J.: 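Have a look at this one before I ask anything.
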Amino acid sequence: QVQLVESGGGLVQAGGSLRLSCSDSGRTSSNNAMGWFRQAPGKEREFVAAINWNGGRTLYADSVKGRFTISRDRVKNTVYLQMNSLKPEDTGVYYCNKALSSEVTDSWRSYRASWGQGTQVTVSS
């Protein structure tokens, strides 16, 4: 029913910026919170940011707070992650997913069990 497609990743030098997009082909609108996660090689999936159903509340991991901004367009059914001042430790595959509730959460167990292919972000030093 829900197909999430991430895009916008790439190779960028430290200090640069990228904007990731997550489009939901299964719905034209959503009442669910959305989240971004990332996974570096050899590491577990890590919470990055979340936004609630209407965009009025956001939640960020401490490691990205002040550098990343999550936003959403419910009409376009798209979630964005603006990443500024990128660091090499931001490198990883970035995934978006739909939460099982309307409010923000950083727990992967509160998101759909199905994960897509993600988009690769590589930050060089």
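Atoms considered below: every heavy atom in the structure, side chains included; atoms not considered: hydrogens, waters and symmetry mates. Small disclaimer: the values here were computed from a predicted structure and weren't measured.
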J.: Who passes ring pair (Phe, Tyr, Trp, His ring centres under 6.0 Å) against Tyr60, sequence neighbours left out?
T.: none
J.: Is the backbone N or O of Ser7 less than 3.5 Å from a side-chain atom of Thr119, with the two atoms forming a donor-acceptor pair by type?
T.: no
J.: Within a strict 4.5 Å, meaning less than it, do heavy atoms of the Gln82 and Ser17 side chains meet?
T.: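 Side-chain contact under 4.5 Å: yes.
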J.: Provide the closest heavy-atom pair for Ala14 versus Ser125 in the form atom of the first, atom of the second, distance.
T.: CB-CA, 4.3 Å
J.: Strictly by disulfide (SG to SG under 2.5 Å), give each pair with a member in residues 35-66 just once, sequence neighbours left out.
T.: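 Listed once each, the pairs would be none.
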J.: Mind checking the OG-CG spacing from Ser23 to Asp73? Nearest 0.5 Å is all I need.
T.: 12.0 Å
J.: Looking at Lys98 and Met34, what are the two nearest heavy atoms and their distance?
T.: CA-SD, 3.5 Å
J.: Considering residues at least two apart in sequence or located in another chain, which fulfil the side chain to side chain donor-acceptor pair (under 3.5 Å) criterion with Thr78?
T.: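 For Thr78 there are no side chain to side chain donor-acceptor pair (under 3.5 Å) partners, ignoring immediate neighbours.
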J.: Using the side-chain contact (heavy atoms from CB on, under 4.5 Å) criterion, which residues pair with Asn54? Sequence neighbours excluded.
T.: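 Partners of Asn54 under the side-chain contact (heavy atoms from CB on, under 4.5 Å) test: Asn52.
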J.: Give every residue pair that meets the disulfide (SG to SG under 2.5 Å) criterion with at least one member in residues 35-76, sequence neighbours excluded.
T.: none
J.: If two hydrophobic side chains count as joined below 4.5 Å and joins carry through other members, does Phe68 share a cluster with Val79?
T.: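 Yes, because Phe68 and Val79 connect within a single hydrophobic cluster, where side-chain heavy atoms sit under 4.5 Å apart.
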J.: In Å, rounded to the nearest 0.5 Å, how long is the span from OG of Ser110 to CG of Asn32?
T.: 12.0 Å
J.: Which pairs pass disulfide (SG to SG under 2.5 Å) with one or both residues in residues 85-125, sequence neighbours excluded?
T.: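 The answer is Cys22-Cys96.
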J.: Once side-chain contact (heavy atoms from CB on, under 4.5 Å) is applied, do any residues pair with Arg67, and if so which ones, sequence neighbours excluded?
T.: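 Partners of Arg67 by the side-chain contact (heavy atoms from CB on, under 4.5 Å) criterion, ordered by chain and then number, come out as Val64, Ser85, Lys87, Asp90.
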J.: Please give me the minimum heavy-atom distance between Glu46 and Ser63, naming the atom from each residue.
T.: OE2-OG, 4.0 Å
J.: Check side chain to side chain donor-acceptor pair (under 3.5 Å) between Thr122 and all other residues, then give those that pass, not counting sequence neighbours.
T.: Gln120
J.: Are Trp36 and Trp53 linked, directly or through other ILVMFWY residues, by side chains that come within less than 4.5 angstrom of each other?
T.: no
J.: Please find the pair of heavy atoms, one from Gly118 and one from Glu6, that lie closest to each other, and give the distance.
T.: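 Closest pair (atom of Gly118, atom of Glu6, distance): N-OE1, 3.2 Å.
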J.: Would Arg19 and Tyr80 count as a cation-pi pair here, with the cationic atom under 6.0 angstrom from the ring centre and within 45° of the axis?
T.: yes
J.: Mind jotting down which residue pairs meet the disulfide (SG to SG under 2.5 Å) criterion with at least one end in residues 34-68? Sequence neighbours excluded, please.
T.: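 Applying disulfide (SG to SG under 2.5 Å) to every pair that reaches into residues 34-68, excluding sequence neighbours, yields nothing.
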J.: What is the distance from atom OG1 of Thr58 to atom NZ of Lys65, rounded to the nearest 0.5 Å?
T.: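 Here the interatomic distance stands at 9.5 Å.
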J.: Taking transitive links into account, so neighbours of neighbours count too, which hydrophobic residues share a cluster with Tyr111 at under 4.5 Å side-chain distance?
T.: Phe37, Phe47, Leu59, Val93, Tyr95, Val104, Trp108, Trp115
J.: What residues form a side-chain contact (heavy atoms from CB on, under 4.5 Å) with Val121, not counting sequence neighbours?
T.: Leu18, Leu20, Met83, Tyr94, Val123
J.: Please find the pair of heavy atoms, one from Glu103 and one from Ala33, that lie closest to each other, and give the distance.
T.: O-CB, 3.3 Å
J.: What pairs with Gln39 under side chain to side chain donor-acceptor pair (under 3.5 Å), at least two apart in sequence or on another chain?
T.: none
J.: Rounded to the nearest 0.5 Å, how far does OG of Ser101 lie from CG of Asn31?
T.: 11.5 Å
J.: Using 0.5 Å steps for rounding, measure from the CD atom of Glu89 to the CZ atom of Arg38.
T.: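 Between atom CD of Glu89 and atom CZ of Arg38 there are 8.0 Å.
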